[in-house]
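See structure below.
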Amino acid sequence: MTYGELYRWGERELLSAGIGESGLEARLLLEYVCGTNRNDLLVHGDRIVEDDRQTLYGNLVGKRRDRIPLQHLTGEQEFMGLTFLVNEHVLIPRQDTEILVEEVLRNLHDGMRVLDMGTGSGCILISLLHYSNHCEGVGTDISEEALAVAEKNAERLLGRERIAGGLQTARSAGEAGEHGEADRERGALERTDDGSIRFVRSDLFEKISGKFDIIVSNPPYIRSDVIGTLMPEVREHEPLQALDGGADGLDFYRRIIRESRKYLSGGGMLFFEIGYDQGEAVSSLLDENRFLEVQVAKDYAGLDRVVYGTRRFD
C-alpha cells in the first residue's frame with residue numbers, strides 16, 4: 001500500500017470505531033510508524049510503505065480502536081511546547097493544564113522555590129523550571145512508577161545535571177535500597193537555590209519539610225460517582241488514583257489547603273487546577289483557611305480552570 005492509501009485505511013478504521021478525530025489520529029500514528037511529518041502525506045502520498053511498517057501501523061490502529069489512548073501508543077504528548085514521555089502510570093498532559101502553568105509563570109520570579117503536589121509526568125514542574133531562571137523545584141507523588149516517568153522527563157528536558165543527587169528512577173532506587181530512599185527523602189528538605197529539580201515519593205506533605213514560595217497542584221478532582229461515566233480512554237487506561245477526588249471531588253483540595261500553610265512562606269501562593277464547576281467551592285475553601293486575594297482564571301473555552309490565593313504573613 002502507498003502512504004496515502006495506508007492513511008485513508010487508518011482513518012476509516014478509526015472513524016468506524018467512533019474515534020472523534022480519526023483523520024488526525026490516523027496521520028499521527030502513521031507519522032510515528034514511518035518517522036515522517038504532516039507534509040509527507042501531501043508530497044509523498046504515493047510512496048510505497050514497507051510491509052513491516054504496514055503491519056506495525058495496522059497493529060497500532062487496532063489498539064486505538066480498542067480505545068487505548070493515542071499517547072500510550074506513541075509514548076509521548078506535547079505540553080507547553082515540550083514533548084513529555086507518558087505511559088499508563090501518569091495522567092496524559094492536557095491543554096487545559098497549560099492554563100495552570102501560565103498563571104503560575106505570571107507570578108514566578110527568579111530563584112523561587114516551587115513544590116508540585118502530585119507531579120505525575122512532571123509536566124507542570126518541568127515546564128515551570130524550563131521557562132524560568134534559577135528556580136528550584138520539588139515534585140511529589142505517591143506513585144513510584146509516576147516518579148520514574150517524571151525523572152526521565154526531567155533528564156530529557158532540563159538536563160541530567162539539574163536533577164538533585166543525580167537521576168534516580170524506580171529501578172535505581174530499588175537497587176540503592178534504604179540509602180536510595182533516604183536520599184530521595186532528604187532531597188525534599190534541603191534548599192539549594194541552584195535551579196535543581198528533585199522528586200520525592202510522598203503522600204502529599206508526608207515527607208516534605210521547609211518553606212516554598214509557590215505550591216502548585218493538579219489534584220484528583222473527579223467525583224467518585226462520575227468515574228464510571230468517563231471516556232474509556234480515561235477510565236480504563238489512566239491511573240484511578242490520579243482521577244478520584246472523593247464523593248464531592250474536593251477531598252484533595254481540603255487536605256492540601258489545610259496543610260499547605262505550614263509549607264508556604266508568608267506571601268507565598270497556592271495554585272490549583274479545578275473542574276469547570278468547582279471554582280466557587282475551592283475559592284471558599286481558600287477563604288476559610290485565611291488565604292488572601294483568591295482568584296479564579298478561566299480556560300480557552302471560558303470555563304473556570306484555575307484557582308489561586310496568597311498566604312497571609314502570620
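Counting from 1, the numbers follow the sequence of the chain as shown.
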Nearest atoms (heavy-atom pairs only) where [X] meets [Y]:
| X | Y | value |
| --- | --- | --- |
| Gly245 | Phe252 | CA-CD1, 4.3 Å |
| Thr140 | Ser202 | CB-CB, 4.3 Å |
| Leu147 | Gly139 | CD2-O, 4.3 Å |
| Ala150 | Ile126 | O-CD1, 3.7 Å |
| Phe199 | Ala154 | CE1-CB, 3.9 Å |
| Asp213 | Arg113 | OD2-N, 2.7 Å |

### Task
Starting from the C-alpha separation in whole Å, work towards a yes-or-no answer on side chain to side chain contact (heavy atoms under 4.5 Å, CB included) for Asp40 and Glu31.
CA-CA 9 Å; Asp40 285 81; Glu31 291 170 3; over 6 Å; no
### Message
Just to verify, what does Asn107 make a side-chain contact (heavy atoms from CB on, under 4.5 Å) with, not counting sequence neighbours?
### Response
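By the side-chain contact (heavy atoms from CB on, under 4.5 Å) rule, Asn107 matches Met269, Phe271.
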#### Entry: All side-chain contact (heavy atoms from CB on, under 4.5 Å) counterparts of Asp304, not counting sequence neighbours
Ile274, Val296, Lys298
### Message
Parallel, tilted or perpendicular: which one describes the rings of Tyr253 and Phe272, with boundaries at 30° and 60°?
### Response
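The rings of Tyr253 and Phe272 stand perpendicular, inter-plane angle above 60°.
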### Task
Just say parallel, tilted or perpendicular for the rings of His237 and His72, cut-offs at 30° and 60°.
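Rings of His237 and His72: perpendicular, over 60°.
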Any ion pair linking [Y] and [X] (charged N to carboxylate O, less than 4.0 Å)?
| X | Y | result |
| --- | --- | --- |
| Arg254 | Asp248 | yes |
| Arg94 | Asp96 | no |
| Arg106 | Glu103 | yes |
| Arg198 | Glu136 | yes |

Hey, could you give me the [atom1]/[atom2] distance between [X] and [Y], rounded to the nearest 0.5 Å?
| X | Y | atom1 | atom2 | value |
| --- | --- | --- | --- | --- |
| Thr119 | Leu125 | OG1 | CG | 5.5 Å |
| Tyr263 | Met117 | OH | CE | 8.5 Å |
| Gln278 | Arg305 | CD | CZ | 9.0 Å |
| Leu6 | Trp9 | CG | CH2 | 7.0 Å |
| Gln54 | Cys34 | CD | SG | 9.0 Å |
| Phe84 | Asn153 | CZ | CG | 6.0 Å |

Hydrophobic clustering (ILVMFWY, side-chain heavy atoms < 4.5 Å, transitive) - are [Y] and [X] grouped together?
| X | Y | result |
| --- | --- | --- |
| Leu14 | Leu24 | yes |
| Met1 | Val49 | yes |
| Ile214 | Ile99 | yes |
| Ile222 | Leu240 | yes |
| Leu285 | Leu292 | no |

Taking the side chain as every heavy atom from C-beta outward, state whether [X] and [Y] have any atom pair closer than 4.5 Å.
| X | Y | answer |
| --- | --- | --- |
| Ser127 | Leu82 | yes |
| Leu158 | Ile163 | no |
| Thr74 | Leu28 | no |
| Pro93 | Ser121 | yes |
| Phe291 | Arg311 | yes |
| Arg255 | Phe205 | no |
| Leu243 | Leu91 | yes |
| Leu41 | Tyr3 | yes |

Has [X] got a side-chain atom pairing as donor or acceptor with [Y]'s backbone, closer than 3.5 angstrom?
| X | Y | answer |
| --- | --- | --- |
| Lys63 | Leu70 | no |
| Asn133 | Asp110 | no |
| Arg312 | Arg290 | yes |
| Asp299 | Leu303 | yes |
| Tyr131 | Met80 | yes |
| Asp141 | Gly120 | yes |
| Ser265 | Gly268 | no |

Just checking [X]: does its [atom1] atom have more than 12 heavy atoms from other residues, nucleotides or ligands closer to it than 6.0 angstrom?
| X | atom1 | result |
| --- | --- | --- |
| Arg38 | CZ | no |
| Glu293 | CD | no |
| Glu280 | CD | no |

### Task
Just do the side chain to side chain contact (heavy atoms under 4.5 Å, CB included) check on Ile19 and Glu233 with the steps written out, would you?
CA-CA 11 Å; Ile19 304 299; Glu233 287 89 341; 4.2 Å; yes
### Message
The test is side chain to side chain contact (heavy atoms under 4.5 Å, CB included); show your working for Leu108 and Cys135 and say whether it passes.
### Response
CA-CA 9 Å; Leu108 184 63; Cys135 289; 3.9 Å; yes
### Query
How far apart are the C-alpha atoms of Ser224 and Asp244, what are their side-chain angles, what is the distance that settles it, and do they pass the side-chain hydrogen bond (donor to acceptor under 3.5 Å, both in side chains) test?
CA-CA 6 Å; Ser224 300; Asp244 194 340; 2.6 Å; yes
### Query
Given Ile257, which of Ile215, Leu250, Leu286 fulfils the side chain to side chain contact (heavy atoms under 4.5 Å, CB included) condition?
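Testing Ile257 for a side chain to side chain contact (heavy atoms under 4.5 Å, CB included) against Ile215, Leu250, Leu286 leaves exactly one candidate, Leu286.
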### Side-chain donor-acceptor pair present, Thr97, Glu273, cut-off under 3.5 Å
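Yes.
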### Task
Could you check Glu11, Glu25, Glu21, Glu13 and say which one makes a salt bridge (charged side-chain N to carboxylate O under 4.0 Å, His left out) with Arg64?
Glu25
### Message
Run the side chain to side chain contact (heavy atoms under 4.5 Å, CB included) test on Leu105 and Leu128 for me, step by step, so that the C-alpha distance in whole Å, both residues' side-chain angles and the decisive distance to 0.1 Å come before the verdict.
### Response
CA-CA 7 Å; Leu105 284 172; Leu128 291 172; 3.8 Å; yes
### Message
Test question: given the 4.5 Å side-chain rule for I, L, V, M, F, W and Y, name all other residues clustered with Val149, or answer none.
### Response
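Val149 shares its hydrophobic cluster with Val86, Val90.
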